[in-house]
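Quick notes on the structure that follows.
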Amino acid sequence: MLRLFLFLLPCLALAQYPKAMDFSKLYQGKLDSVVVIHRTGWTKETSWPGAPEEERITEERKSLPLSKGKRLLKILKDKTVYKEEYPWVIDVVSSFLFYANGNEVLTLHFSTETKQLTMYKGDELIFAGMSKGSLTQSLIRYLKP
């Protein structure tokens with residue numbers, strides 16, 4: 001029993017509590033632009049024995065065509081693309097930044113490895129969990145160069 005507890009303790013420490021999607025706080029207006037920050041690499045927690053460095057993260061920033069940004073925002077309104085599970089926080093995540101009138105109105109952080117998804121409106125967390133279905137497919141497709 002003690003071994004099981006000692007095994008589960010680090011798992012719980014690395015997990016983030018899920019937060020149900022708050023659709024009332026999802027941005028509903030018109031977008032000016034969407035910026036994608038695609039991060040790849042590894043962290044100290046995800047590196048392997050003999051890795052050349054303890055941590056290496058590369059970042060590529062690009063603008064998403066406005067039509068794809070609007071389509072992504074439409075997919076975010078679908079209640080079936082969210083999974084309320086405990087997301088892991090040790091993975092390298094890419095970001096989608098939605099802008100309106102020059103201000104950031106919505107931020108998504110997404111991991112291609114774990115399907116972890118967190119969404120913020122300003123500093124306020126509006127979802128923490130996992131993506132599924134068409135949302136996962138779209139996010140991965142938009143991250144490809």
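Scope of the values below: all heavy atoms of this structure, side chains included, with no hydrogens, waters or symmetry mates. Position 1 is the first residue of the sequence, and the numbers go up from there.
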Notebook entry, point to check: According to a 4.5 Å side-chain heavy-atom criterion applied to Ile, Leu, Val, Met, Phe, Trp and Tyr, with indirect links allowed, do Val93 and Leu64 form part of one hydrophobic cluster?
Noted result: no

Item checked: Side-chain heavy atoms of Ser138 within contact of Arg71, under 4.5 Å -> yes

Notebook entry, point to check: Do His109 and Thr118 have a side chain donor and acceptor closer than 3.5 Å?
Noted result: no

Item checked: Any donor-acceptor pair under 3.5 Å from Asn101 side chain to Asn103 backbone -> no

Check: Between the main-chain N or O of Tyr99 and the side-chain N or O of Ser33, is there a donor-acceptor pair closer than 3.5 Å?
Finding: no

Notebook entry, point to check: If every non-hydrogen atom of Arg39 is compared with every non-hydrogen atom of Ser95, which pair is closest and at what distance?
Noted result: NH1-OG, 2.8 Å

Notebook entry, point to check: Applying the 4.5 Å side-chain criterion to the ILVMFWY set and letting contacts propagate, would Leu97 and Tyr120 be lumped into a single cluster?
Noted result: no

Check: Shared ILVMFWY cluster between Leu31 and Leu135, side chains joined below 4.5 angstrom?
Finding: yes

Check: Hey, does Lys25 have a side-chain heavy atom less than 4.5 Å from the side chain of Glu124?
Finding: yes

Next item on the list: Would you check if Leu106 and Leu73 make a side-chain contact, meaning some heavy-atom pair closer than 4.5 Å?
Entry: yes

Margin query: I need the Lys74 NZ to Ser134 OG distance, nearest 0.5 Å.
Written below: 10.5 Å

Check: In terms of hydrophobic clusters joined by side-chain contacts under 4.5 Å, are Val35 and Leu72 together?
Finding: no

Margin query: Looking at every non-hydrogen atom in both residues, tell me the closest pair between Asp32 and Gly102 and how far apart they are.
Written below: OD2-N, 3.2 Å

Note to self: Would you say the rings of Phe110 and Phe96 are close, in the sense that their centroids are separated by under 6.0 Å?
What the structure shows: no

Notebook entry, point to check: Got Ser94 and Glu59 here, is their nearest side-chain heavy-atom distance under 4.5 Å?
Noted result: no

Check: Does NZ belonging to Lys121 count more than 12 external heavy atoms closer than 6.0 Å?
Finding: yes

Checklist line | Distance, nearest 0.5 Å, that separates OG1 of Thr136 from NZ of Lys83 | finding: 8.5 Å

Check: Under 3.5 Å, is there a donor-acceptor pair between the side chain of Gln28 and the main chain of Leu26?
Finding: yes

Item checked: Within 6.0 angstrom of Lys68 NZ, more than 12 heavy atoms from elsewhere -> no

Check: How many angstroms lie between CZ in Arg61 and NE2 in His38, if you round to the nearest 0.5 Å?
Finding: 14.5 Å

Next item on the list: Determine, using the 4.5 Å side-chain heavy-atom cutoff (strictly less than), whether Val105 and Leu76 are members of one ILVMFWY cluster.
Entry: yes

Next item on the list: Report the distance from atom NZ of Lys70 to atom CD1 of Ile75, rounding to the nearest 0.5 Å.
Entry: 14.5 Å

Note to self: As a quick check of understanding, evaluate side-chain contact (heavy atoms from CB on, under 4.5 Å) for Met119 and Tyr82, giving each step before the final call.
What the structure shows: CA-CA 11 Å; Met119 241 185 296; Tyr82 301 99; 3.4 Å; yes

Next item on the list: Any chance you could measure Lys115, atom NZ, to Leu139, atom CG, to the nearest 0.5 Å?
Entry: 10.5 Å

Note to self: If you apply the rule side-chain contact (heavy atoms from CB on, under 4.5 Å), what do you find for Phe23 with Ile126, and how did you get there?
What the structure shows: CA-CA 8 Å; Phe23 287 95; Ile126 61 173; over 6 Å; no

